[in-house]
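Okay, so here's the structure we're looking at.
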2 protein chains.
Amino acid sequence: MKYQELLKQHRLKATPQRMAIIELMYNAGHITIEELYQSIVKKFASISLATLYKNIHSMMDVSLIREVKVPGYKTKYEIEKSEHAHVMCTSCGELKDISLNPSSLLENRQFDLAGYKADDVAIVISGICPNCQKK
Amino acid sequence: MKYQELLKQHRLKATPQRMAIIELMYNAGHITIEELYQSIVKKFASISLATLYKNIHSMMDVSLIREVKVPGYKTKYEIEKSEHAHVMCTSCGELKDISLNPSSLLENRQFDLAGYKADDVAIVISGICPNCQKK
DNA sequence: GCAAATCTTAAAATTACTTTCAAAACTTTA
DNA sequence: TAAAGTTTTGAAAGTAATTTTAAGATTTGC
């Protein structure tokens, strides 16, 4: 199981609960705490929401996962991967990655960042997905 | 008071509570519900959080104000103004507008938006503000 | 295998947000 | 300008989201 490795690299203990979280998150792409809980409870009947929240935070602290806050919706979480942006459908709520590299977008322009030293760029584009456009 | 006009233009009644909300939001730039409540209660001792939430939502519905969700922090609200992006200091929490126009940024490049029809682009850059850099 | 460090869980607590409902404040309408 | 209708306010109760606590269980490095 590669997830075990992933956790160890980040100096976190590889508990079964954590591996399940990562697996679910990996398969879902983006997932809310609630969805995560619904799925994981099938495997670990006694898992507690506190465990989910705590693990989500430990993994965020070591940049293994990332929080995606979208206007008007619940926060979702994803495995950290190469930089990308998000499109969110305001009709059905689908969240999708797009391969727009946020920091390269800024690089070739000299924006006035008001003196800030930028570490991270989060881009969420809201719109209507192809499916909902048809309706 | 111009705030009265602003509300009427959006077909909302210009109640004193709403005008106070707008005024505070305008002066603060970006404000959380909690901060808003702390300030407004000084003027309207009996105002309820429910009123704040309700008014925030009415004003969002008519695009008078806008929700800004920032990774790791509480949701803030701002008066809708011309398009812009945000920088947020991960050290002190300060949120600042920068004059980067999100949609023009996308216009002159043909991004693959996975078939989405884009309505809105939210950009939040996280980093360290000039003040915190000194420390 | 053992000890140290870390993790899991239930339960309670806290914080965030929403709904309900009656009274008050406004707007119509005639 | 009074009655009728509509909207808003705010208290209270309700739901949802997140954190804390403390005790027992697991993982890891040696």
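Numbers restart at 1 for each chain; the letters A, B, ... are given by sequence-line order, proteins then strands. Side chains are part of it too, since the values below use all heavy atoms of this structure and drop only hydrogens, waters and symmetry mates.
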For chain A and DNA chain D, what are the first and last nucleotides along the strand, 5' to 3', with at least one atom under 4.0 angstrom from a heavy atom of the protein chain?
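That gives a stretch of D:dA17 to D:dT28.
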
Filter on side-chain hydrogen bond (donor to acceptor under 3.5 Å, both in side chains), then keep only pairs touching residues 117-130 of chain A, sequence neighbours left out; what's left?
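Non-adjacent pairs meeting side-chain hydrogen bond (donor to acceptor under 3.5 Å, both in side chains): A:Arg66-A:Asp120.
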
Can you list every pair that meets side-chain hydrogen bond (donor to acceptor under 3.5 Å, both in side chains) and has a residue in residues 7-21 of chain A, with sequence neighbours left out?
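Sorted result for residues 7-21 of chain A: A:Arg18-A:Asn55.
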
Angle between the end axes of the helix from C:dG1-D:dC30 to C:dA30-D:dT1, five pairs per end, to the nearest 10 degrees?
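Angle reported: 50°, given to the nearest ten degrees.
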
A:Ser58 side chain to A:Lys54 backbone, donor-acceptor under 3.5 Å:
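Judged by distance alone, yes, a pair lies under 3.5 Å.
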
How many angstroms lie between atom [atom1] of [X] and atom [atom2] of [Y], to the nearest 0.5 angstrom?
X	Y	atom1	atom2	result
B:Ile21	B:Ile40	CD1	CD1	4.5 Å
A:Leu64	A:Glu80	CG	CD	8.0 Å
B:Gln133	B:Ser91	CD	OG	10.0 Å
B:Glu78	B:Ile65	CD	CD1	9.5 Å
B:Leu113	A:Ile98	CG	CD1	5.0 Å

Atom [atom1] of [X] and atom [atom2] of [N]: how far apart are they, to the nearest Å?
X	N	atom1	atom2	value
B:Glu35	C:dT15	CD	P	16 Å
B:Lys76	C:dC17	NZ	P	14 Å
B:Leu49	C:dC17	CG	P	10 Å
B:Tyr73	C:dA16	OH	P	15 Å
A:Ile21	C:dT8	CD1	C1'	11 Å

Atom pairs, N/O to N/O, protein against nucleotides 24-29 of chain C, distance under 3.5 Å?
none

Linked hydrophobic residues, B:Met88 as query - side chain contacts closer than 4.5 Å:
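Reading the cluster by chain and number, B:Met88 sits alongside B:Val68, B:Val70, B:Tyr73, B:Leu95, B:Val124.
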
Can you find a side-chain donor-acceptor pair between B:Glu35 and B:Tyr77 that sits under 3.5 Å?
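Judged by distance alone, the side chains do not pair up.
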
Could you give me the CA-CA distance, side-chain angles and deciding distance for B:Lys76 and B:Ile31, then say whether side chain to side chain contact (heavy atoms under 4.5 Å, CB included) is met?
CA-CA 5 Å; B:Lys76 299 197 169 199; B:Ile31 197 164; over 6 Å; no

Can you name the side-chain hydrogen bond (donor to acceptor under 3.5 Å, both in side chains) partners of B:Lys74, sequence neighbours left out?
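Scan of B:Lys74 (side-chain hydrogen bond (donor to acceptor under 3.5 Å, both in side chains), adjacent residues dropped) gives B:Glu34.
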
Can you name the residues that form a side-chain hydrogen bond (donor to acceptor under 3.5 Å, both in side chains) with B:Ser48, not counting sequence neighbours?
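So B:Ser48 forms no side-chain hydrogen bond (donor to acceptor under 3.5 Å, both in side chains) with any residue.
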
So does A:Thr15 get a side-chain nitrogen or oxygen closer than 4.0 Å to the phosphate oxygens (OP1/OP2) of C:dT8?
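Looking at the OP1 and OP2 atoms of C:dT8, one of them is under 4.0 Å from a side-chain N or O of A:Thr15.
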
Where at least one partner belongs to residues 42-65 of chain A, residue pairs that pass ring-ring contact (aromatic ring centres under 6.0 Å, His included), sequence neighbours excluded
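As it turns out, there is no ring-ring contact (aromatic ring centres under 6.0 Å, His included) pair with a partner in residues 42-65 of chain A once direct neighbours are skipped.
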
Once ring-ring contact (aromatic ring centres under 6.0 Å, His included) is applied, what residue pairs with a partner in residues 13-34 of chain A remain, sequence neighbours excluded?
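Qualifying pairs: A:His30-A:His86.
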
Under a 4.0 Å heavy-atom cut-off, which of residues 26-33 of chain B touch DNA chain D?
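Residues of residues 26-33 of chain B under 4.0 Å from DNA chain D: none.
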
Within residues 54-69 of chain B, residues whose heavy atoms come under 4.0 Å of DNA chain C:
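Nucleic-acid contacts, sorted: B:Lys54, B:His57.
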
With hydrophobic residues grouped by side-chain heavy-atom distances under 4.5 Å, do A:Met59 and A:Ile56 end up in a single group?
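A:Met59 and A:Ile56: one cluster.
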
